[in-house]
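Worksheet: the structure to be examined is printed underneath.
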Amino acid sequence: MITISTENLQQIIPTAAAWVAAKEQVAMENGDPLTSVQIADAVAAGVQHPDRIRIFAVAQIPFPKHPILKATMDLTHLISEHTLGIAFRYGIFIKTDQLKDRCLLIHEMAHTAQYEQLGGITPFLEQYLSECLTHGIANAPLEKAAVEIAAHLCQPLLQSETI
């Protein structure tokens with residue numbers, strides 16, 4: 001099994017950043033802009049430029065073919081056959097059967113906000129991948145923050161549905 005240290009993570013980042021940028025471009029060219037309700041959710045999730053976001057419906061979330069990126073995904077479990085959505089900065093890929101999942105979309109928009117706050121693709125990947133390798137994806141601080149934002153923003157909707 002391949003292991004990835006913090007030191008060689010720095011060697012992976014340029015390849016990962018190029019892959020993320022390419023996927024973002026696919027979503028920008030083929031995805032749909034946010035609706036007014038989704039724009040409000042994006043703003044609430046901390047996105048500074050919600051007008052830039054595009055939602056791209058896909059049958060399966062793309063998995064990198066590059067061997068070192070594939071190994072990184074295998075180790076972090078960041079992308080698997082079970083992945084329902086992923087933010088490539090402003091390009092958000094969502095599985096077609098999950099398009100109506102507001103909480104999933106808010107979670108991915110929270111990651112978009114993190115890309116913005118950290119200064120772009122490379123700084124986001126440096127921090128996010130490092131956290132995933134150090135803590136595991138479920139305990140990575142950026143992932144936990146996205147989970148908390150989605151839970152907080154979806155909570156009023158869930159409460160009103162039970163009344």
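Listed for the Gln98 side chain is no donor-acceptor partner under 3.5 Å among the backbone atoms of Leu104. Here the side chain of His66 pairs a donor or acceptor atom with the backbone of Ile68 at under 3.5 angstrom.
Taking the six-membered ring where the residue is Trp, His107 and His111 present perpendicular rings, their angle passing 60° and hence far from 30°.
Looking only at side-chain heavy atoms (C-beta outward), Phe56 and Glu29 stay at 4.5 Å or farther from each other. Residues Tyr90 and Asp51 have side chains not in contact (no heavy-atom distance under 4.5 Å, counting atoms from C-beta outward). Under the 4.5 Å side-chain criterion, counting only non-hydrogen atoms from C-beta, Glu126 is in contact with Gln10. Side-chain contact check for Asp74 versus Phe63: some heavy-atom pair is nearer than 4.5 Å.
Here the shortest heavy-atom pairing between Asn139 and His135 reads CB-O, 3.4 Å. The minimum heavy-atom distance between Glu116 and Gln48, with the atom names listed, is OE1-N, 2.6 Å. Heavy-atom minimum distance, Cys103 versus Ala150: O-CB, 3.6 Å. Listed here is the closest heavy atom pair of Pro64 and Ile79: CD-CD1, 4.3 Å. Gln114 approaches Ala145 most closely through the heavy-atom pair NE2-CB, 3.8 Å. For the residue pair Phe93 and Ala27, the shortest heavy atom distance occurs at CE1-CB, 3.7 Å.
Hydrophobic clustering places Leu99 together with Ile92 (ILVMFWY residues linked when any side-chain heavy atoms are closer than 4.5 Å, directly or through intermediates). Following chains of ILVMFWY side-chain contacts shorter than 4.5 Å, one can reach Met109 starting from Leu84, so the two form part of one hydrophobic cluster.
When each of Asp32, Ile39, Val47 is paired with Ile53, the side-chain contact (heavy atoms from CB on, under 4.5 Å) condition holds for Val47 and for no other.
Between the OG1 atom of Thr15 and the CG atom of Leu125 there is a distance of 11.0 Å, given to the nearest 0.5 Å. Atom CD of Gln127 and atom CG of Leu142 lie 4.5 Å apart (nearest 0.5 Å). The distance from the OH atom of Tyr115 to the CZ atom of Phe88 is 7.0 Å, given to the nearest 0.5 Å. If you take CD1 on Ile106 and OG1 on Thr112, they are separated by 12.5 Å, rounding to the nearest 0.5 Å. Within the model, atoms CG of Leu118 and CZ of Arg89 stand 12.5 Å from one another, a figure rounded to the nearest 0.5 Å. Remark: Ile94 CD1 to Ile61 CD1 distance equals 6.5 Å, nearest 0.5 Å.
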Stepwise side chain to side chain contact (heavy atoms under 4.5 Å, CB included) check, Glu143 with Glu131: CA-CA 9 Å; Glu143 185 63 27; Glu131 290 178 2; over 6 Å; no
Derivation of the side chain to side chain contact (heavy atoms under 4.5 Å, CB included) call for Thr72 and Leu78: CA-CA 8 Å; Thr72 303; Leu78 178 60; over 6 Å; no
